[in-house]
Novice: 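What follows is a structure written as structure tokens; I'll ask about it next.
Per chain, numbering begins at 1; letters A, B, ... match sequence-line order.
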Amino acid sequence: MPDATFLDSTELVLNMGPQHPSTHGVLRVILKLDGERVLGTDCVIGYLHRGVEKIAENRTYAQFNPYVDRMDYVAAVSNGLGYCLAVEKLLNTEAPARAQVVRVILTELNRIASHLLWLGTHALDIGAITPVFYCFREREEALHIFEQYCGARLTTHAFRIGGLQYETYDGFERDVQAFCDMFLAKVDEYEELLTNNRIWVGRLQNVGVLSADECKEYGVTGPVLRAAGVKWDLRKAQPYSGYEKYQFDIPTRQNGDTYDRYIVRMQEMRQSVRILRQAVGNLHEGPIMAKVPKVMKPPVGEAYVSIEAPKGELGYYIVSDGSVQPYRVRVRPPSFVNLQALDRMVRGALIADVVAVIGTLDIVLGEVDR
Amino acid sequence: MGKLLKKIFLVDLFQGLRVTFRSQNPRSIVTEQYPAERPRIAERYRGAPRMNTNPETGESLCIGCNLCALACPESLIVMTSERNEKTKRKELATYTFDLSRCMFCGLCEDACPTDALELTQDFELATYTREGQIWDRKMLEEGPRPTRYKW
Ligand code: SF4
Ligand code: SF4
């Protein structure tokens, strides 16, 4: 790794972003360059800071629920699940069995939708324009199920503390089943487009390598960690919402480069379909809401719940002082933590690789800045 | 050897092109032609608010309980109620709904005990002014009025 410029020429400082299309939002990366080579990076974040954690202190527990959708807006359902589980832990209740199954179905659909958005935009960054249209075509189907279920496509507010607000609509099972049947062939289609494509392979292989030890040092989670060969998935490691009942594999790869992360995410989508199939078969009649008081006043205490969001470990740490409003809500966003590895991944690489690496980290700036 | 031949004959690229050509069928066009064609909106869609009235008497279903205003995280619903001396019941006096701050979370709708307040499937909410986003009771009951603009 070079630490001085070629022939001691002056290093070039370049701003990438915040309006750069490949930074996926408003991330500003200050690149220190020697020609095309990156000597170091500085990330400037906070352009999308809305103070979500502070807002939580002025809202009741139920009122804060829609705000968490606006952190990782690509995977709003997962955010809602994490928050609801954390408050349920504080209240010492659990959602009924039917609610848990519906939660699993929706979060897995959301994982697919999130990965599809990632795949489309990542391919777009690399220069493959076609996949994004196909990805959005399928993502639309998933979003339509959300819309029919809870009335919104993106910021869903699908779950409530203690269970669900809405009963599934007529034909919910049929729609999810149809999605599963349709979707696997589509994943094959994306793979046909990309997996063997020489440009795709050339641009991704051995780019942004992050070894397993480095991942652990940075606290990186999710597909990035699994691509480095660590079999760690919170759905298996500390099951929540009844994930222990479903059979699925944790896809891993060895090299920890951008190509492996692509493969891992593609396989994750297939595994999600597997979970969806089992969950739909598992959907039995029953109540959908646990007994929670209308005015929630959790006992004094604290709770930390983390779930496997599409991007990694998403944690909610909530401190209650016994009043109707949380004393403190802290979010452990996977995007923010994963972004910290950017500098390590792009040092010594070319500028074009920075684009690939930002894409492969799958960050959502709404979640990084909160 | 096979690998080299595959490389020379651009197998990987033609593989991808096959997918693209398979999608050239005009029947597989999925783009919604939005203004010409109405999008499919789900029944439960949370869009523009509406204040429901009793279809027979035309009376508002709202009982002035203020629960929606309390449930709203953004505190954007402001309502006043007054006591009807004849029926000795609380009645809605004024009601404003500031759409510009609404995030369509549906909490107000869930809180309403009489299904008076409802979020409808109407999603076209653009106005030329900010004031146009503040809906009063009349607008909530009758739907938005078409605005005339002077050029
Ligand atoms: S939808 Fe949500 S934000 Fe909008 S008025 Fe109702 S409670 Fe408030
Ligand atoms: S909750 Fe319903 S009945 Fe009560 S004030 Fe609001 S709209 Fe009226």
Side-chain angles (χ1 to χ4, degrees), chain A residues 55-56 58-70 80 123 128-131 133-134 136-138 140-141 143-158 160 165-170 175 186 188-202 294-295, chain B residues 2-4 6-25 28-32 34 39-49 67-77 101-113 118-123:
Chain A
I55 290 175
N58 301 308
R59 298 285 184 276
T60 63
Y61 286 91
Q63 279 182 342
F64 183 59
N65 202 350
Y67 288 87
V68 297
D69 291 351
R70 281 147 182 88
I129 315 277
T130 322
F133 302 115
Y134 297 159
F136 270 64
R137 183 183 60 195
E138 272 74 69
E140 200 62 29
E141 296 303 318
L143 295 191
H144 195 61
I145 295 179
F146 292 155
E147 186 187 324
Q148 279 177 294
Y149 171 70
C150 62
R153 291 153 44 88
L154 219 55
T155 46
T156 48
H157 194 204
R160 300 295 193 275
Q165 171 71 27
Y166 310 105
E167 186 47 89
T168 55
Y169 62 92
D170 286 337
D175 280 2
K186 303 292 181 187
D188 290 339
E189 211 166 74
Y190 313 141
E191 293 231 45
E192 223 173 298
L193 275 174
L194 295 170
T195 306
N196 294 324
N197 185 298
R198 62 189 65 189
I199 306 169
W200 183 253
V201 175
K294 269 244 147 56
V295 180
Chain B
K3 238 184 182 170
L4 186 71
K6 272 189 183 163
K7 204 152 207 177
I8 292 171
F9 289 112
L10 305 173
V11 174
D12 51 325
L13 298 185
F14 282 116
Q15 217 182 14
L17 275 179
R18 203 175 63 209
V19 176
T20 354
F21 278 112
R22 246 186 314 187
S23 303
Q24 295 307 305
N25 186 343
S28 55
I29 293 177
V30 289
T31 312
E32 266 170 13
Y34 160 55
R40 37 174 202 176
I41 300 286
E43 207 179 307
R44 294 180 183 174
Y45 188 76
R46 301 194 298 253
L67 282 179
C68 50
L70 290 174
C72 177
E74 289 291 333
S75 317
L76 58 84
I77 300 174
R101 275 158 54 207
C102 181
M103 54 181 172
F104 303 102
C105 62
L107 281 174
C108 50
E109 185 188 30
D110 299 344
C112 184
E118 190 186 334
L119 298 178
T120 61
Q121 277 133 304
D122 188 5
F123 61 95

Novice: Counting only heavy atoms closer than 4.5 Å, note whether A:Q165 contacts chain B via side chain, backbone, both or neither.
Specialist: side chain

Novice: Can you tell which of A:T195, A:L194, A:N197, A:T130 has the highest number of heavy-atom pairs within less than 4.5 Å of chain B?
Specialist: A:N197

Novice: Select one option (side chain, backbone, both, neither) describing which atoms of B:Q121 are under 4.5 Å from chain A's heavy atoms.
Specialist: neither

Novice: Salt bridge (charged side-chain N to carboxylate O under 4.0 Å, His left out), that's the test. Do A:E167 and B:R44 meet it? Break it down for me.
Specialist: CA-CA 11 Å; A:E167 186 47 89; B:R44 294 180 183 174; over 6 Å; no

Novice: If you look at every heavy atom in A:R137 and B:V30, which pair is closest and at what distance?
Specialist: CG-CG2, 3.7 Å

Novice: If you look at every heavy atom in A:Q63 and B:C72, which pair is closest and at what distance?
Specialist: NE2-O, 3.3 Å

Novice: To the nearest 0.5 Å, what is the distance between OG1 (B:T31) and CZ (A:F136)?
Specialist: 12.5 Å

Novice: With only heavy atoms counted, which part of A:A128 is less than 4.5 Å from chain B, the side chain, the backbone, both or neither?
Specialist: neither

Novice: With a sphere of 6.0 Å drawn around CG of B:N25, does it hold more than 12 non-hydrogen atoms of other residues, nucleotides or ligands?
Specialist: yes

Novice: Is there a side-chain contact between B:M103 and A:H157 in this structure, where contact means two heavy atoms from C-beta onward sitting under 4.5 Å apart?
Specialist: no

Novice: At a 4.5 Å cut-off on heavy atoms, which part of B:L17 comes close to chain A: side chain, backbone, both, or neither?
Specialist: neither

Novice: Please state whether the side chain, the backbone, both or neither of A:R198 comes within less than 4.5 Å of a heavy atom of chain B.
Specialist: both

Novice: Among B:C105, B:A42, B:P73, B:G47, which residue forms the greatest number of heavy-atom pairs with chain A at distances under 4.5 Å?
Specialist: B:P73

Novice: How far apart are the closest heavy atoms of A:T156 and B:R46, and which atoms are they?
Specialist: O-NH2, 2.8 Å

Novice: Go through A:Q148, A:K294, A:E147 and name the one with the most non-hydrogen pairs under 4.5 angstrom from chain B.
Specialist: A:E147

Novice: Which heavy-atom pair separates A:Y134 from B:T20 by the least distance, and what is that distance?
Specialist: OH-CA, 3.4 Å

Novice: Let's test your reading of the structure: which of A:Y190, A:W200, A:Y166 forms the most heavy-atom pairs below 4.5 Å with chain B?
Specialist: A:Y166

Novice: Heavy-atom distance under 4.5 Å to chain B: side chain of A:R160, backbone, both or neither?
Specialist: side chain

Novice: Taking it one step at a time, do B:R18 and A:E189 satisfy side chain to side chain contact (heavy atoms under 4.5 Å, CB included)?
Specialist: CA-CA 10 Å; B:R18 203 175 63 209; A:E189 211 166 74; over 6 Å; no

